[in-house]
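Report on one structure; see the data block that follows.
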Amino acid sequence: VSEANAIASGSASAKGSTWSRFGRWLAQERVFRLIPFVFVEAVFVLVIIIPFLLMVYISFLKWRANRPFEQAFLSGFDNYAQVLTAPGFWAALGRTFYFAGCAVTLELVLGFVLAMLVARTVRGKGVYITILLIPMMIVPVVVGYNFTMLYIDSGPINQLLAPFLEPFGINPRIRWLSSPTAAQWSVIFSDVWQWTSLTFLIFLSGFSALPKQLINAARVMGASPWQIFWRVELPLLKPAIVIAVVIRSMEALKLFDPVVLLTAGGPGTSTQTIAFYLWEQVWVFNKFSFGAAASILLLIIFASLIFFGIYLLVRQSAEVAQQRMS
Amino acid sequence: MTAPADMTREQALSAGARNTRRQRLRTIVRHAILIAWALVVLFPIYWMVATSFKESGEWVAWPPHWIPHEPTLKNYSQIFVFDTSQKGVAREATEQPFNVWGPLGDSLLICTLSSLIALLLGTFLAYSISRFNVGGKHFRHAILMIRMVPPIVIAIPLLMYYAIMIPLATETVLGTRISLFDTRVGLSAIYIATTLPFVIWMMLTFIEEVPYTLEHAARMMGAGRMYTLRRVVLPLVGSGMVVTFLFVFILNWAEFLLALTLTHPDVVTLPVLLNKFQSASEGRLFGPQAAIGTIITIPVVVLGMFIQKHLIKGFSFGTIRK
C-alpha cells in the first residue's frame, strides 16, 4: 500500500491547480479511507444522535405539546418517577414480551419444520420456496388489513368453522377481535403468518449449507435418521438457530403495525404493545416529556437485550471463522 | 435385525416394495404439509385481491362470497381518479373518490431517493471497512445496533427535532423558519439513517468476495483510486448493489410508524393512506382498501421474487457460508 502512496505523492509535482492538488490530498490512503466514514457518521449524528440528546433534555422538562416549548421548565426526575409508577407502562411491556415469546417460539418451530421438509423435497422445491417466502415481502400494514378481513364476523374463517359450531347451538359469526384473549391470539397469528417466512429463509440457508459428505458418512456408519438429525444436523444448524432467535426477538419487540390496523390496542388495553402504548401517550394524549422519559427507560431495557443479542452473534461468527480456519 | 439366510427372492422383493411404499407415504405426507402451509400463506392475499373486485354489497356478505359474483373495477376507479375537477361531496361514502396518485408518487419518490442515497453512502463505507478496517474491530456490530433500536424510540425525539428544534435553529441562523416535519426531505433523511446499517451489512458480504489483490494490481499499474473503484470493484459488486437497493427499497416501502409520526397532512405514503381508511370517521371501505392493498403489494412481491435467491446470502449475516 505504501507503494501506492508513493505513486500518488511522487506524481504530485509542483505544477497543477488547487483542485488537482486537493484531489491528490483526498487520494492519500489516510484521508481516502475516512471519507465515507465521515459522511455516514454525519448522517447518524444529524438524524439520530442530536434528536436523542434533545429527547434526554425533554425528559427532564415538564412539558405538554399544547403549551409553547420555550415556557417549559425543568422538573428533575418527575417524569421518570411517573413512568415507573404508571401501571400501563409495565402492563404493555409485559404484554410485548408475552406476544414476542409466543410468536417467536411458533415461528421458530414452524420455520424449522418447513425448511426441513423443503430441503428434503426434490419435485416442486422452487415453487414451494417462492410461495413460502411471499409473506416476508408484504407490507405489514397490508397484512393487518388482510387479517381484519378474515377476522370480521362474516369472514371466511367463521364460515369454515360454522359446520362444527352450529350443531352445538353456537352462533358461528364470532367477532374474533372483540374478546381480549381471541384478539391477542389474532395479533400473534398474523405475526406468525408473516414472519415464519423469515425463519424459514434462515433455516433453509442453514440446511442447504450442511455438508453432504458428513451426513452420508454417518449413514454409512449405521446411524439412524433420528441419530443423524440430533447428533449431526442439529449441532451444525446452531448458527442459523442463533441468528433466527436474535433477529426475530429484536423485531418482535417492536410490534406495532398490525396492532394499529387490527385492534388499535383494544378491546380495552388487551393488545397494547409497548410501541403502541408510547405512541398513544405522545400522539393522542400529547404527553411529550412523559413519552421521552419512557423512551429512555425503554431504550435502557432494550439496550441490554441488544448487547446480549449482538454478543451472541459476534461469538457465533467468531466460532464459524475458527471452524473455517481449521 | 438381519434377514434370515433362507429368505426367498419373493420375500426380499416384498421387503423392498414395503420400503419404497413407506418412502412414498413419507413423500405424500411431506407434500401435504407443505401444500397446507402454502394455502395458509396464499389465502389472505387471495382474499384481498378477490375483495378488491367485489361490489360494496358483497364485502361483508354472509355467507362470504369466495369468488366475486359480479366482478367490478369500481374500487379501482374510485382510487385512481383522473378527473380531479369534481371535488363536491358525494352522496355516499362508497361513491366518494379517494385519490391514490399523490401517495403513490410520494411513496415512489421518497423510497427511491432515500434507498439510492443510503446505497451510495453505505457501499462506500462498507468498502472502506472491508479494505482499511475503518472504525475498528467492532464497528460493524455497533452499526447493527442502530438497526435494532425500536423505531418508536427514534420517532418521539425526531418529531420534536423536526417540528421545533430545526425551525428554531433556522430562524436564528437564516431568519426563516424551515420545518422538516411533514416534508419529503425529512422523511427521506430518517429512512436513509435507518436503512444504512442494512446496506453496510449486505454490501460487506458482497465486497469481501472481491479479492484485494485485483485492486492492488490495478493500483500498481498506475490506476488512480477512483478509476480502480469504477473499473475494477464496481463491475464485480454491481449485482450485489442492485439486490441491496431492491431490499432496502422494500423496507422503506413497508415503513409505517415513522411515516405516520412525521407526516400529516401534506405528505402521505401508501401505508399511511391504507391506515386512514381503518379509522371510523372514513367508514370501513373494505373494497377500496383492498384495491390499495393490492397496489402496494404487487410491486414488492415481484421485486422480492426477483432478488429471492440473493436474499438467502444477505440474511446469513456472514455466518453461514455455502
Side-chain angles (χ1 to χ4, degrees), chain A residues 4 27 32-33 36-37 39-40 43-44 47-48 51-52 54-55 58 69 114 117 121 128 130-135 137-142 145-146 149-150 154 156 159 201-202 205-206 209 239-240 243 250 254 256-257 261 275 278-279 282 291-292 295 298-299 302 306 310 314 316-317 320, chain B residues 30 33-34 37-38 41 44 47-48 51 60 62-64 121 124-125 128 132 134-135 141 145 148 150-154 156-158 160-161 164-165 189-190 192-193 196 219 225 250 254 256-257 271 274-275 278 286 289 293 296-297 300-301 304-305 308 311-312 315-320 322:
Chain A
F32 184 76
R33 58 191 285 231
F37 182 75
F39 273 104
V40 171
V43 170
F44 284 147
V47 182
I48 294 180
F52 181 75
L54 178 71
M55 178 169 75
I58 287 172
F69 180 65
L114 291 169
L117 294 177
T121 310
Y128 284 130
T130 305
I131 293 176
L132 296 195
L133 287 184
I134 287 177
M137 329 277 178
I138 292 186
V139 181
V141 171
V142 176
Y145 166 73
N146 281 346
M149 284 306 289
L150 301 185
S154 57
Q159 192 188 18
L201 175 63
I202 294 170
S205 65
I243 291 168
M250 296 291 171
K254 302 176 187 171
F256 179 77
D257 306 8
L261 268 285
L278 281 188
W279 186 83
V282 172
S295 301
L298 191 66
L299 200 62
F302 276 27
I306 291 169
I310 299 272
V314 171
Q316 200 61 59
S317 54
V320 171
Chain B
R30 196 190 295 145
I33 296 172
L34 286 174
W37 186 256
V41 163
W47 200 256
M48 172 179 72
T51 307
V60 291
W62 178 263
L121 288 175
F124 277 115
L125 185 59
S128 68
F132 309 122
V134 166
H141 296 108
M145 258 172 67
M148 290 184 171
I152 183 80
V153 176
I154 303 176
I156 292 174
L158 258 183
M160 305 168 196
Y161 180 59
I164 297 161
M165 290 316 286
I190 184 63
I192 292 168
L196 261 172
R219 297 278 295 145
R225 278 200 191 281
I250 294 176
F256 175 57
L257 201 165
L274 184 64
N275 179 54
Q278 209 79 350
F286 290 119
Q289 262 186 312
I296 302 177
T297 306
V300 278
V301 170
M305 282 176 178
Q308 180 185 309
L311 271 184
I312 296 178
F315 260 102
S316 63
F317 286 90
T319 54
I320 300 170
K322 287 217 171 187

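Remember, predicted model here, so these are calculated numbers, not experimental data. Letters A, B, ... are given to chains in the order of the sequence lines, protein chains preceding strands, and every chain is numbered from 1.
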#### Entry: Best-contacting candidate, B:Pro64, B:Ala38, B:Ala254, against chain A by heavy atom pairs under 4.5 angstrom
B:Pro64
### Query
Counting only heavy atoms not in A:Phe44, do more than 12 fall under 6.0 Å of its CZ?
yes
### Query
Got a second to check how far A:Met55's CE is from B:Ile154's CD1, nearest 0.5 Å?
9.0 Å
### Task
Could you check B:Thr297 against A:Val139 for side chain to side chain contact (heavy atoms under 4.5 Å, CB included), going step by step and ending with a plain yes or no?
CA-CA 7 Å; B:Thr297 306; A:Val139 181; 5.8 Å; no
### Query
Where does B:Ile156 contact chain A at under 4.5 Å (heavy atoms): side chain, backbone, both or neither?
both
### Task
Check whether A:Met250 gets within reach of chain B through its side chain, its backbone, both or neither, counting any heavy atom under 4.5 Å.
side chain
### Task
Write down the atom of B:Ala193, the atom of A:Ile48, and the distance for their closest heavy-atom approach.
CB-CD1, 4.0 Å
#### Entry: Top of B:Ala189, B:Pro151, B:Pro150, B:Gly293 for chain A proximity - count of heavy-atom pairs under 4.5 angstrom
B:Pro150
#### Entry: Neighbour count >12 (heavy atoms, 6.0 Å) for atom CZ, A:Phe37
yes
### Task
Name the member of A:Leu299, A:Leu298, A:Asp257 that forms the most heavy-atom pairs with chain B at distances under 4.5 Å.
A:Asp257
### Message
Can you give me the closest heavy-atom contact between B:Leu158 and A:Val47, atom names plus distance?
### Response
CD2-O, 3.7 Å
### Task
Measure the OG1-CZ distance between A:Thr121 and B:Arg30 for me, rounded to the nearest 0.5 Å.
5.0 Å
### Task
Apply side chain to side chain contact (heavy atoms under 4.5 Å, CB included) to A:Lys254 and B:Leu257, showing your working.
CA-CA 10 Å; A:Lys254 302 176 187 171; B:Leu257 201 165; over 6 Å; no
### Query
Run the side chain to side chain contact (heavy atoms under 4.5 Å, CB included) check on B:Trp47 and A:Asn146 step by step: do they pass?
CA-CA 8 Å; B:Trp47 200 256; A:Asn146 281 346; over 6 Å; no
### Message
If the condition is side-chain contact (heavy atoms from CB on, under 4.5 Å), which residues does B:Ile33 pass it with, not counting sequence neighbours?
### Response
A:Leu117, B:Val29
### Task
Begin with the C-alpha distance, continue with both residues' side-chain angles, and end with the deciding distance and a verdict on side chain to side chain contact (heavy atoms under 4.5 Å, CB included) for B:Leu34 and A:Leu114.
CA-CA 7 Å; B:Leu34 286 174; A:Leu114 291 169; 3.9 Å; yes
#### Entry: Residue among A:Val43, A:Thr130, A:Ile134 with most heavy-atom pairs under 4.5 Å to chain B
A:Thr130
#### Entry: Inter-residue atom distance B:Phe286.CZ - A:Tyr145.OH, 0.5 Å rounding
6.5 Å
### Region of B:Leu196 that comes under 4.5 Å of a non-hydrogen atom in chain A
side chain
